[in-house]
Novice: 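My questions will all concern the structure given below.
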Amino acid sequence: MPNKLIQLAAERLRAGGLVAFPTETVYGLGADARNEDAMRRVFAIKGRPANHPLIVHLADAAQADAWARDIPQAAQSLMARFWPGPLTLVLPARDQVSRVVTGGQDSVALRMPNHPMALALLRAFGGGLAAPSANRFGAVSPTAAWQVRADFGNQVDMVLDGGSCRYGLESTIVSLLGPRPRVLRFGALPVQALRDALGDDGIEHGTPTAAAGVETPRVPGSLPAHYAPATPLEIHATEALTARALALQERGLRVAVLRRNRSLRGMPLPQSLPQFLLPARAERYGRSLYARLRELDRFAFDRVLVESPPADEAWWAVNDRLARAAAGNAEDGRP
Ligand code: TXA
Ligand code: MG
């Protein structure tokens, strides 16, 4: 018997309401994936284009069959191995799946989250929950419940608070539409885990957009005006960081530096530069990144200079999100 809060949340969803809930990756903004009006409200309050599809969250791998057809063996193995967990699979959609959730496409993205509250909610609700990250379009995903309230206020019917998210970065997305499984979005599940499951040749993937040294401050106005302007971000190699920061300061800009703990040992920054730290290791860095970026926005610096993290695979998801944030598009777009 689920607790009262979960029951209430499931009732709200059945009535077409929107319920934000924690997952192991980030907070999701949930709506009944069979209720087109509810899902249209999700698109509306996020400010998200209608052709940007939502992930359907399931309580159980056995439910996948109700949403997807022709599920290949590779998908079965991935589900068996990684669900519940931070892996989303893109599969051919059944005809009866609403094209509102798929953004008009004939494929559907499915995921079974690994979070006790999310799973309790999914079980109590019974069906699939369409749930994008619970942030306004273009902003970074929320990793704590209060951030959802900060973004949406009372536009969301209920926010379930499950504390901070364990991964803090979105799920890894794998497409099974082609001849070989292909990574569409780097995320909380490392590519190496997919190789371990499917073999070195069993998975196709690119590399994250090179982030280091790109001078790509966010173009003001590139996001719709009603979003709080996030601080423009630049990514620089350790050696270039100080000079760039000082040059911007000389032009009268309020600059902050975001760096990895202990990374600049032997290269101290000038006292005049406010600095913020993130953990030295990839997984913990990823867990704190979005919260840090949101926090920095509240200081209203003119520019945040991020010390570029290492390029190795453990950092791919982080580097991908940083590159997007620097390009002014934190929302995880399709490649
Ligand atoms: O970790 C996560 O995946 C979080 C939590 C809440 O589960 N959700 C999430 O959803 O990140 P969202 O909507 O912010 O990102 C979903 C991504 C989008 O980039 C979307 O384009 C892609 O999934 N996607 C959804 N359906 C797709 C499809 N049929 N084909 C290709 N990409 C798809
Ligand atoms: Mg998102």
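Only heavy atoms go into these numbers, but all of them, side chains included; no hydrogens, no water, no symmetry mates. As the structure lists them, so they are numbered: ligands from 1, and atoms in each ligand from 1. Numbers here simply count residues along the sequence, with the first being 1.
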Novice: Using a 4.0 Å cut-off to any heavy atom of Ile55, which atoms of ligand 1 qualify?
Specialist: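 Every atom of ligand 1 under 4.0 Å from some heavy atom of Ile55: 3 (O), 8 (N), 9 (C), 10 (O), 16 (C), 23 (O).
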Novice: Below 4.0 angstrom from a heavy atom of Gly28, which ligand 1 atoms are there? Numbered from 1 as shown, please.
Specialist: 6 (C)
Novice: Give a yes-or-no answer on whether the side chains of Thr238 and Arg259 include a donor-acceptor pair shorter than 3.5 Å.
Specialist: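 Side chains of Thr238 and Arg259: no pair found under 3.5 Å.
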Novice: Hey, could you give me the OG1/CZ distance between Thr172 and Phe186, rounded to the nearest 0.5 Å?
Specialist: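 One finds 9.0 Å between OG1 of Thr172 and CZ of Phe186.
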Novice: Decide, counting backbone as well as side-chain atoms, whether Ser133 has an N, O or S atom less than 2.8 Å from the Mg ion (ligand 2).
Specialist: yes
Novice: Backbone or side chain, does any N or O of Thr23 fall under 3.5 Å from an N or O of ligand 1?
Specialist: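 No, since none of the N or O atoms of Thr23 sits under 3.5 Å from an N or O of ligand 1.
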Novice: Is a side-chain donor-acceptor pair under 3.5 Å present for Tyr290 with Glu170?
Specialist: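 Side-chain D/A pair, Glu170 to Tyr290: present.
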Novice: Among Arg48, Lys46, His52, which one puts a heavy atom closest to atom 13 (O) of ligand 1?
Specialist: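 Looking at heavy atoms only, Arg48 sits closest to atom 13 (O) of ligand 1.
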Novice: With atoms numbered from 1 as shown, which atoms in ligand 1 lie under 4.0 angstrom from a non-hydrogen atom of His57?
Specialist: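 Here the atoms of ligand 1 in question are 5 (C), 6 (C), 7 (O).
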Novice: I'd like to know if Arg12 pairs up with Asp32 as an ion pair, taking the criterion as any Lys NZ or Arg NE/NH1/NH2 lying under 4.0 Å from an Asp or Glu carboxylate oxygen.
Specialist: no
Novice: With heavy atoms of Pro132 as the reference, note each atom of ligand 1 found under 4.0 Å away.
Specialist: 10 (O), 12 (P), 13 (O)
Novice: Could you tell me if Gln192 and Asp196 have a donor-acceptor pair between their side chains, going purely by distance under 3.5 Å?
Specialist: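 Distance-only check passes for Asp196 and Gln192.
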Novice: For ligand 1, which is the ligand I care about here, please tell me if Ser133 has any N or O atom under 3.5 Å from one of the ligand's N or O atoms.
Specialist: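 Yes - when backbone and side-chain N and O of Ser133 are compared with those of ligand 1, one distance drops under 3.5 Å.
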Novice: So, Glu204 and Arg180, do they make that salt bridge, N to O below 4.0 Å?
Specialist: yes
Novice: If the cut-off is 4.0 Å to any non-hydrogen atom of Ser107, which atoms of ligand 1 fall inside it?
Specialist: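 Ligand 1 atoms under the 4.0 Å threshold to Ser107: 28 (C), 29 (N), 30 (N).
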Novice: For ligand 1, which atoms have a heavy atom of Ala109 less than 4.0 angstrom away?
Specialist: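 Ligand 1 atoms under the 4.0 Å threshold to Ala109: 25 (C), 26 (N), 27 (C).
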Novice: Hey, looking at atom 8 (N) of ligand 1, which of Ala131, Ser175, Pro113 has the closest heavy atom?
Specialist: Ala131
Novice: Check contact between Val90 and ligand 1, using heavy atoms of the residue and a distance below 4.0 angstrom.
Specialist: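 Right, Val90 reaches ligand 1.
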Novice: Who's closest to atom 31 (C) of ligand 1 heavy-atom-wise, of Thr25, Leu184, Val101?
Specialist: Leu184
Novice: Quick check on contacts: which atoms of ligand 1 are under 4.0 angstrom from a heavy atom of Ile173?
Specialist: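 By the 4.0 Å cutoff, the relevant atoms are 17 (C), 22 (C), 23 (O).
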Novice: How would you list all residue pairs meeting salt bridge (charged side-chain N to carboxylate O under 4.0 Å, His left out) that involve residues 117-127, not counting sequence neighbours?
Specialist: none
Novice: Of all residues at least two apart in sequence or in a different chain, which pass the salt bridge (charged side-chain N to carboxylate O under 4.0 Å, His left out) check with Arg99?
Specialist: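 In terms of salt bridge (charged side-chain N to carboxylate O under 4.0 Å, His left out), with neighbours along the sequence ignored, Arg99 is linked to Asp106.
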Novice: Among Asp70, Val90, Leu184, whose side-chain contact (heavy atoms from CB on, under 4.5 Å) with Leu177 holds?
Specialist: Val90
Novice: Could you tell me which atoms of ligand 1, counted from 1 in the order shown, lie closer than 4.0 angstrom to a heavy atom of Ser171?
Specialist: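 Contacts of ligand 1 toward Ser171, numbered from 1: 1 (O), 2 (C), 3 (O).
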Novice: Taking the basic N atoms (NZ, or NE/NH1/NH2) and the acidic carboxylate oxygens, is any pair closer than 4.0 Å for Arg292 and Glu295?
Specialist: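 Yes, charged N to carboxylate O under 4.0 Å.
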